[in-house]
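From a predicted model like this one, the values you see are computed outputs, not experimental measurements. Naming convention: chains lettered A, B, ... in sequence-line order (proteins, then strands); numbering from 1 in each chain.
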Amino acid sequence: MRYTQFFIPTLKETPSDAEVVSHQLMMRSGMIRKIAAGIYTYMPLGLRSIRKFEQIVREEMNRAGAIELLMPGVQPAELWIESKRWAQYGKELLRFKDRKDNEFCMGPTHEEIITDIARREVKSYRQMPINFYQIQTKFRDEIRPRFGLMRGREFIMKDAYSFDVDSSAADLSYDKMYQAYNRIFERCGLNFRAVEADTGSIGGSASHEFMVLASSGEDAIVSCNACRYAANVEKAEGIKQQQGGAGQQALTKTHTPDKKTIAEVAEFLDIPQSGTVKALVLSNGEGQFVMALVRGDHELNELKLKNRLGWDEIQMATDDEILRFTGSLPGFLGPLGLKEELLVVADCAVEVMSDFVIGANETDQHYTGANAGRDFPISQIADIRLIGAGDPCPRCSGGILEVWRGIEVGHVFKLGTKYSSSMNATYLDKDGKEQIIFMGCYGIGIGRTVAASIEQNHDDNGVIWPLPLAPFHCSVVAINAQKDEAVMAAAQDIHDRLEAAGVEVLLDDRDERPGVKFKDHDLIGIPLRIVVGGKNLAEGKVEFKQRAGGEMQLLVPEQAIETVIAQVKAACGGNR
RNA sequence: CGGUGCGUAGCGCAGCCUGGUAGCGCACUAGACUGGGGGUCUAGGGGUCGAAGGUUCGAAUCCUUUCGCACCGACCA
């Protein structure tokens, strides 16, 4: 491909609304252009990388036995009403009516459609296991789209859905997808982790997220330094600590003037923060309230508490609500002497504490020597705290958890019968008996993965593509291309020979100064570069350099061509 | 949804406080020079100043409304 026959509108300056580096570089390198909040055009260069990744996904899905189809973007309300998600999904679901006043939505995901297909078409155990997938544009009307392709409203997703006769067969389908996902992200050359995850609004029994490690990631994940345990912190389990001694001290009300935070109270009383318990009042927004107790140096994991209580929403109570239950304002809250009956859930780390400090529900007053059970009742004990760096591994003995930031690029779920039962997707087993189908669903954010690759691989000059995702494998920069016929002829020859070998080449034949060309090629991040210049060419040599670093080499054209071909073959394998 | 900030040329911004001919850099067009890390010079084109309403002799500037965009948001009890 000649540069002058392609279209790469690069920018010298960073658009002011681009916050993260992938968004900035995708804008600057002319890969994407924004048309509205969270809605982008994939420009020619960006589309090439998108297609590269799609192809890797497609190959690995096919290898894993999944079958491609394509479902509609516009979906009728009736299927969503049937699955009960028309009411549950909220404003993220973009709804509208057609000319006959029938309700529709833009598909944010396709469980309803695929389940409808399955219940019509998959009627026998002989047809399973089966797994359908598609690569398709979704729309989710996000409250706050941001970070370019990282969290758009319209985005390309690969979604797959497996159908099995029972739970253990569904587990096998799940494992196949899990393996396929590992291969996909390995082939892209990305540094990632597969972590245990919360199932969120999709529902189901188990799931893993695939996280590309990057400091700008929106998710925190933990992984064990000794075993293979890794989890989203939302999900990461706390383990019961060793039982402490029985309480020795008497419950004593202590004056703590103006000491509201755990840090202030602990310092004032000269005890470690781990000797205190903090009490938080939360509500589900529908009139139900709970007091959560966590150790002073720990943090509450609202998601765990929400799941524990079976609530749909969870939020901090307002000061008025807190006053109503406790008679005090935040800073001095505790489970003793509540004004109204209140569910009290303690973290399991609190269960083993003794003689701790807790708010007295009076301004400037705390209790010391408090003991759960002895001094106040606890309704439930549960794992409700946020796990962090340094916590012990819940799977192995001696392992310590480390914390990473990650970008969620893939998510696999065991759905069980959540959709198949509400939508009545059944089959006949060997005995002719009607059974419910077991499902799994599996998603990969296509644009997000490409953006995540940039987050993970870039420098001050621009993008550094891994070869499998690069829009072009190699650039050929012709110095003084429009004037020096020998240079242009040599560059064209190298270009032709590389293309003949299956290498994707961008030949820079523009009438630009060399510096402009080098800057552009660094910015758009082509992994391999051959420079053809008059002086070196007179001695029969061209330059070869890798974007990711490494020395510039002076080679004869044949060598340069062979090196490029070898590197492309090595990185993209026979899968190209 | 709450908080904050911003909408002026394709991009990045100044001008607004204190109302009086709409500017700068990049990009773009033409020409010349230049030719190995975003070069120089000359001459150009491009704007309903987000929108609507109001105040005023006069509004990018002041007022009101509205739309759009961006960032931040519970770990504090």
Side-chain angles (χ1 to χ4, degrees), chain A residues 9-20 23-24 27-28 30 33-39 90-91 143-148 220 233 256 259-265 273 276-283 285 291-305 313-319 321-323 325-326 328-335 347 357-363 366 384-388 460-462 477-484 487 508 510-523 529 531-537 542-543 545 552:
Chain A
T10 59
L11 303 173
K12 277 191 191 175
E13 286 172 293
T14 301
S16 59
D17 58 357
E19 182 73 4
V20 298
H23 187 192
Q24 293 172 351
M27 289 294 298
R28 285 193 55 208
R33 288 292 183 257
K34 184 170 78 172
I35 199 70
I39 301 177
K91 287 191 174 170
I143 302 170
R144 198 178 144 202
R146 56 187 144 171
F147 304 149
V233 292
T256 50
K259 306 299 176 196
K260 291 187 175 179
T261 68
I262 289 294
E264 288 166 356
V265 170
Q273 292 188 24
T276 69
V277 167
K278 62 184 169 194
L280 299 89
V281 180
L282 300 101
S283 88
M291 175 177 278
L293 301 180
V294 295
R295 208 170 79 186
D297 59 328
H298 287 163
E299 288 173 11
L300 174 68
N301 181 333
E302 292 183 11
L303 189 66
K304 283 185 185 175
L305 181 61
E313 288 299 325
I314 193 162
Q315 56 194 241
M316 289 291 174
T318 64
D319 284 358
E321 290 164 346
I322 291 171
L323 203 58
F325 281 100
T326 68
S328 169
L329 283 174
F332 310 98
L333 303 186
D347 180 62
V357 172
I358 188 83
N361 295 326
E362 286 178 43
T363 301
H366 280 78
I384 57 170
R385 78 183 170 96
L386 204 57
I387 301 305
D460 290 345
N461 292 318
V477 177
I479 302 294
N480 213 358
Q482 304 284 334
K483 300 243 175 81
D484 192 328
V487 161
D508 196 340
R510 291 177 298 169
D511 183 19
E512 289 285 355
R513 297 168 67 86
V516 174
K517 296 187 178 187
F518 294 144
K519 285 286 184 191
D520 274 340
H521 285 265
D522 283 350
L523 177 60
R529 186 177 82 187
V531 179
V532 183
K535 284 179 200 145
N536 289 322
L537 190 64
V542 297
E543 290 169 34
K545 190 171 182 303
M552 186 267 281

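A distance of about 22 Å separates the C1' atoms of B:A51 and B:G46, rounded to the whole Å. Nucleotides B:C49 and B:U40 place their C1' atoms 33 Å apart, quoted to the nearest Å. Taking atom C1' on both B:U18 and B:U65, the two are 26 Å apart, rounded to the nearest angstrom. The same atom, C1', is picked in B:G37 and in B:C62; the two are 50 Å apart, to the nearest Å. B:G10 and B:U48 have their P atoms separated by 8 Å, given to the nearest Å. The gap from the C1' atom of B:U34 to that of B:C16 amounts to 42 Å, rounded to the nearest Å. B:A14 and B:C67 are spaced 25 Å apart, taking the C1' atom of each and rounding to whole Å. Taking the P atoms as reference points, B:A9 lies 15 Å from B:G15, given to the whole Å.
Judged as a side chain to side chain donor-acceptor pair (under 3.5 Å), and not counting sequence neighbours, the contacts of A:Asn536 are A:Glu543. Evaluation of the side chain to side chain contact (heavy atoms under 4.5 Å, CB included) rule for A:Glu512 yields A:Arg510, A:Val516, A:Lys517 as partners, not counting sequence neighbours. Shown here are the side chain to side chain contact (heavy atoms under 4.5 Å, CB included) partners of A:Leu11, two or more places apart in sequence or in another chain: A:Pro15, A:Arg28, A:Arg33. With sequence neighbours excluded, the residues forming a side chain to side chain contact (heavy atoms under 4.5 Å, CB included) with A:Phe325 are A:Phe289, A:Glu340, A:Leu342, listed by chain and number. Contacts of A:Asn461 classified as side chain to side chain contact (heavy atoms under 4.5 Å, CB included), with partners at least two apart in sequence or in another chain: A:Asp459, A:Lys519, A:Asp522, A:Arg547.
Rounded to whole Å, the distance from NE2 on A:His23 to P on B:C69 is 13 Å. Nucleotide B:A77 holds its C1' atom 19 Å from the CZ atom of A:Arg385, rounded to whole Å. In this entry the distance linking CE of A:Met27 with C1' of B:A27 reads 14 Å, nearest Å. Remark: C1' of B:C26 and CD of A:Glu512 are 14 Å apart, rounded to the nearest angstrom. The distance between atom NZ of A:Lys91 and atom C1' of B:C1, rounded to the nearest whole Å, is 8 Å. Between the CZ atom of A:Phe147 and the P atom of B:C71 there is a distance of 6 Å, given to the nearest Å. Atom CD in A:Gln315 sits about 16 Å away from atom C1' in B:A77, given to the nearest Å. Remark: C1' of B:C6 and CG of A:Asp17 are 11 Å apart, rounded to the nearest angstrom.
Base pairing annotation: B:A77 forms no Watson-Crick or G-U wobble pair, as no partner gives both donor-acceptor distances under 3.5 Å. The pairing partner recorded for B:A60 is none, the criterion being a Watson-Crick or G-U wobble arrangement whose two distances lie under 3.5 angstrom. Pairing partner, B:C6: B:G68, with both Watson-Crick or wobble hydrogen-bond distances short of 3.5 Å. As the counterpart of B:A27, no nucleotide is assigned, since no Watson-Crick or G-U wobble pattern has both distances under 3.5 Å. Pairing for B:G45 is absent, judged as Watson-Crick or G-U wobble with the two contacts each under 3.5 Å. Figure legend. B:U40 is base-paired to B:A32; pairs are counted as Watson-Crick or G-U wobble with both atom distances under 3.5 Å.
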Checklist line | Nucleic acid footprint by protein, nucleotides 36-42 of chain B - heavy-atom cut-off 4.0 Å, B for base, S for sugar-phosphate alone | finding: BBBB---

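Checking B:C75, B:C69, B:A77 against every side-chain atom of A:Ile262, the shortest atom distance belongs to B:A77. When distances run from any side-chain atom of A:Ala37 to the nucleotides B:C71, B:C69, B:A77, the shortest one goes to B:C69. Distance from the side chain of A:Glu13 is smallest for B:C11 among the nucleotides B:A77, B:C11, B:C75.
Between A:Pro15 and A:Ile314, the residue whose closest nucleotide on RNA chain B is further toward the 5' end is A:Pro15.
Of all heavy-atom pairs spanning A:Val277 and A:Leu293, the tightest one is CG1-CB, 3.9 Å. Among all heavy-atom pairs drawn from A:Asp508 and A:Val477, the shortest one is CB-CA, 4.2 Å. In terms of heavy atoms, A:Gln482 sits closest to A:Asp511 at CG-CB, 3.2 Å.
Note on A:Thr14: only backbone sugar-phosphate atoms sit closer than 4.0 angstrom, heavy atoms only; bases stay farther off. Across all strands shown, A:Lys34 has heavy atoms under 4.0 Å from sugar-phosphate atoms exclusively, and none from any base. Residue contacts for A:Asp297: at a heavy-atom cut-off of 4.0 Å it reaches no nucleic acid atom on any strand shown.
Contact check, A:Ser16 against B:C13: a side-chain N or O comes under 4.0 Å of OP1 or OP2.
Under the side chain to side chain contact (heavy atoms under 4.5 Å, CB included) test applied with A:Leu305, the options A:Leu280, A:Leu300, A:Asp347 reduce to a single match, A:Leu300.
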